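The next block holds one structure in the form of structure tokens; read it before the comments.
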Amino acid sequence: MLVLGAGPGGYSAAFRAADLGLSVVLVERYDTLGGVCLNVGCIPSKALLHNAAVIDEARELAAHGISFGEPKIDLDKLRGYKDSVVAKLTGGLAGMAKARKVTVVHGVGEFADPNHLTVKSADGKTQTLRFKQAIIAAGSQSVKLPFLPQDDRIVDSTGALLLREVPKKMLIIGGGIIGLEMGTVYSTLGARLDVVEMLDGLMQGADRDLVKVWQKKNAYRFDNIMLKTKTVGAEAKKDGIYVTFEGEGAPKEPQRYDLVLQAVGRSPNGKKIGADRAGIAVTDRGFIEVDRQMRTNVPHIYAIGDIVGQPMLAHKAVHEGHVAAEAAAGQKSFFDARVIPSVAYTDPEVAWVGLTEDEAKKQGIKVEKGVFPWAASGRAIANGRDEGFTKLIFDAETHRILGGSIVGTHAGDLISELALAVEMGADVVDIAKTIHPHPTLGESVGMAAEVAEGVCTDLP
Ligand code: FAD
């Protein structure tokens with residue numbers, strides 16, 4: 001088994017295939033395993049977000065009579081902390097590969113034909129690997145706006161994670177999760193933010209009532225939120241990057257920024273791996289189409305993760321990696337997830353899974369909801385963070401849970417109960433009758449179900 005790419009999809013597939021007795025070679029162009037997620041994505045961003053959240057929380061304690069001085073921020077040390085978190089995890093993966101006797105080959109891989117991959121290593125040497133089966137897990141890269149000039153002050157998420165310095169004024173192009181997470185970090189460290197989004201709201205995908213809660217709490221970070229607005233040009237000058245906008249929220253004059261973050265999405269790497277030489281069909285946009293066993297049109301070659309489509313999330317890639325490895329080992333595994341949770345690790349966090357209320361409305365699906373405001377949660381009030389709420393969406397006739405959303409601190413940790421509820425085909429009453437520990441934020445899920453069942457009625 002050859003696995004191309006050692007991100008969450010690739011290493012999960014490689015390890016599972018090895019555990020199932022296949023002889024595995026894992027090809028990765030970079031020195032460390034872990035892909036985008038561990039090296040320049042999920043993990044470093046959360047290491048920084050954690051520190052930002054502690055600073056924000058410490059500042060809020062002033063209202064409870066506990067005051068600290070302004071934090072002294074040593075960027076070198078903060079960067080060092082982030083890098084140490086990444087190193088711990090990527091080093092762990094190297095150990096796990098070794099323990100399973102997975103051979104790791106470093107270099108850029110390209111298919112030569114349906115059974116061979118050539119790998120060019122950093123020193124220019126080339127080797128050809130022969131395989132019986134392959135799993136493509138070559139991931140994605142950030143989309144670059146072609147009209148932006150080459151300049152150190154214009155970065156993508158990888159550049160933003162380097163945290164070279166804290167700008168006075170920062171522009172985030174793209175109001176999605178990645179941009180808003182990085183914006184949170186920079187703002188807490190001292191930057192003023194502008195954000196520009198082509199669509200009519202930030203954090204697309206989440207219900208608008210959740211985003212409203214996040215936006216109210218975060219309004220102080222932003223000078224300007226430009227919606228239905230496009231970035232159309234930028235000029236790099238000595239004193240900053242001057243950006244021009246068009247659309248409903250566009251300022252007339254170009255605006256000056258010390259740092260510009262492009263966070264306008266990610267594009268799959270399907271066209272960069274010589275897929276055509278192996279006969280693998282790739283769409284115009286660079287995605288590889290697969291069946292429910294993650295098999296491409298070439299039956300002994302599978303594909304998983306960002307390269308096969310949305311949502312581009314690590315937990316989806318891992319799950320698909322397991323399916324592909326199991327199918328390749330002859331098991332009857334299928335990708336059969338009903339739902340894949342999404343989380344914005346902002347402050348508060350915004351998390352949703354399955355059918356959202358806005359989607360149900362758009363699709364004309366008859367649903368009802370149970371909403372529990374955290375203003376009635378003892379734990380949220382005790383934490384001084386009662387701005388959130390928990391919402392269950394269920395079938396109006398059968399009361400089967402179809403989805404749910406949570407906005408509030410730790411929403412990302414809380415959403416798993418709702419993912420499980422949908423996967424298990426739970427009804428609202430199943431959650432309402434489940435005893436949740438008191439006082440916890442998780443209790444809000446049980447309470448939302450009780451609201452839906454008419455048990456809990458006198459809410460603020
Ligand atoms: P990748 O992680 O992209 O890995 C692909 C690997 O293949 C890379 O290591 C690459 O070097 C290698 N490769 C590619 N081409 C070749 C080649 N020709 N030869 C050899 N090697 C090759 N997702 C979440 O679920 N939660 C989060 O909180 C989250 N936060 C994110 C934050 C940021 C800033 C970013 C950018 C992404 C975030 N994501 C998050 C998305 C997540 O990182 C991806 O969905 C995930 O990494 C996809 O895994 P993958 O295995 O498909 O591909």
Side-chain angles (χ1 to χ4, degrees), residues 2-14 25-50 82 86 90 93 104-111 117-122 129 134-143 155-162 172 174 176-185 261-275 286-288 294 303-322 324 340-346 349-351 412 415:
L2 179 139
V3 180
L4 178 61
Y11 70 71
S12 304
V25 58
L26 177 59
V27 179
E28 169 56 49
R29 64 183 161 184
Y30 293 133
D31 290 345
T32 55
L33 306 184
V36 168
C37 180
L38 270 70
N39 291 286
V40 289
C42 330
I43 297 300
S45 61
K46 270 73 222 179
L48 294 178
L49 277 161
H50 166 71
K82 175 204 67 172
V86 170
T90 55
L93 286 179
V104 178
V105 174
H106 290 286
V108 178
E110 273 195 24
F111 287 97
L117 186 98
T118 53
V119 183
K120 195 171 178 191
S121 52
L129 304 172
I135 298 176
I136 302 168
S140 63
Q141 58 171 16
S142 19
V143 171
V155 294
D156 61 8
S157 57
T158 303
L161 283 165
L162 291 176
I172 305 164
I177 292 179
I178 291 178
L180 296 175
E181 286 184 1
M182 290 316 304
T184 304
V185 171
L261 165 62
Q262 315 189 53
V264 290
R266 298 186 60 82
S267 68
N269 288 332
K271 288 189 176 165
K272 298 182 171 169
I273 52 169
F287 286 111
I288 296 176
M294 312 313 298
I304 57 173
D306 284 6
I307 208 164
V308 303
Q310 301 288 352
M312 290 189 180
L313 291 170
H315 40 279
K316 187 203 72 151
V318 168
H319 199 83
E320 289 175 343
H322 290 161
I340 301 167
S342 295
V343 181
Y345 298 87
T346 45
E349 292 183 352
V350 181
I415 201 71

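Just follow the structure's listing: the first ligand is 1, and inside any ligand the first atom is 1. Please read all numbers here as calculations on a predicted model, not as lab measurements.
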> Would you say ligand 1 has an N or O under 3.5 Å from any N or O of L4?
Replying inline: no
> Nearest non-hydrogen atom to atom 17 (C) of ligand 1 belongs to which of G109, S12, A138, P8?
Replying inline: G109
> Using heavy atoms and a threshold below 4.0 Å, how should the contact between M182 and ligand 1 be classified: side chain, backbone, both, or neither?
Replying inline: neither
> Heavy-atom contacts under 4.0 Å between E110 and ligand 1: side chain, backbone, both, or neither?
Replying inline: neither
>> Does the residue G107 have a heavy-atom contact with ligand 1, meaning some pair of atoms that are separated by less than 4.0 Å?
In response: yes
>> Show the atoms of ligand 1 that are less than 4.0 angstrom away from any heavy atom in S157.
In response: 34 (C), 36 (C)
>> One residue to check: I178. Relative to ligand 1, which of side chain, backbone, both or neither has a non-hydrogen atom less than 4.0 Å away?
In response: side chain
> Under 4.0 Å from ligand 1, counting heavy atoms only, is it the side chain of S142, its backbone, both or neither?
Replying inline: neither
>> Heavy-atom pairs closer than 4.0 Å: do any link ligand 1 to the side chain of A137, the backbone, both, or neither?
In response: backbone
> Within less than 4.0 angstrom of ligand 1, does Q141 place any heavy atom?
Replying inline: no
>> Only heavy atoms of M312, strictly under 4.0 Å: list the atoms of ligand 1 that pass.
In response: 41 (C), 45 (O)
> What residue and heavy atom of the protein are closest to atom 3 (O) of ligand 1, and at what distance?
Replying inline: V36 CG2, 3.1 Å
>> Measuring from atom 33 (C) of ligand 1, which candidate in G5, G41, A6, A344 has the nearest non-hydrogen atom?
In response: G41
>> Residue-level breakdown please: for T158 versus ligand 1, do any non-hydrogen atoms fall below 4.0 Å on the side chain, on the backbone, on both, or on neither?
In response: neither
>> So if I count the atoms of ligand 1 from 1 in the order they appear, which ones are less than 4.0 Å from some heavy atom of G7?
In response: 2 (O), 4 (O), 6 (C), 51 (O)
> Can you list the atoms of ligand 1 that are under 4.0 Å from a heavy atom of C37?
Replying inline: 2 (O), 43 (O), 47 (O)
>> With respect to R266, determine whether any N or O atom, backbone or side chain, lies less than 3.5 Å from an N or O atom of ligand 1.
In response: no
>> Below the 3.5 angstrom mark, is there an N/O of N269, backbone or side chain, next to an N/O of ligand 1?
In response: no
> Counting distance only, does the side-chain N/O of E110 pair as donor-acceptor with the main-chain N or O of G274 below 3.5 Å?
Replying inline: no
> For the side chain of H106 and the backbone of Y30, is there at least one donor-acceptor N/O pair under 3.5 Å apart?
Replying inline: yes
>> Tell me the protein heavy atom at minimum distance from atom 40 (C) of ligand 1, and give that distance in Å.
In response: C42 SG, 3.3 Å
>> As an exercise, identify every atom of ligand 1 less than 4.0 angstrom from a heavy atom of L313.
In response: 23 (N), 24 (C), 25 (O), 45 (O)
> For atom 48 (C) of ligand 1, what's the nearest protein heavy atom and its distance?
Replying inline: D306 OD1, 3.2 Å
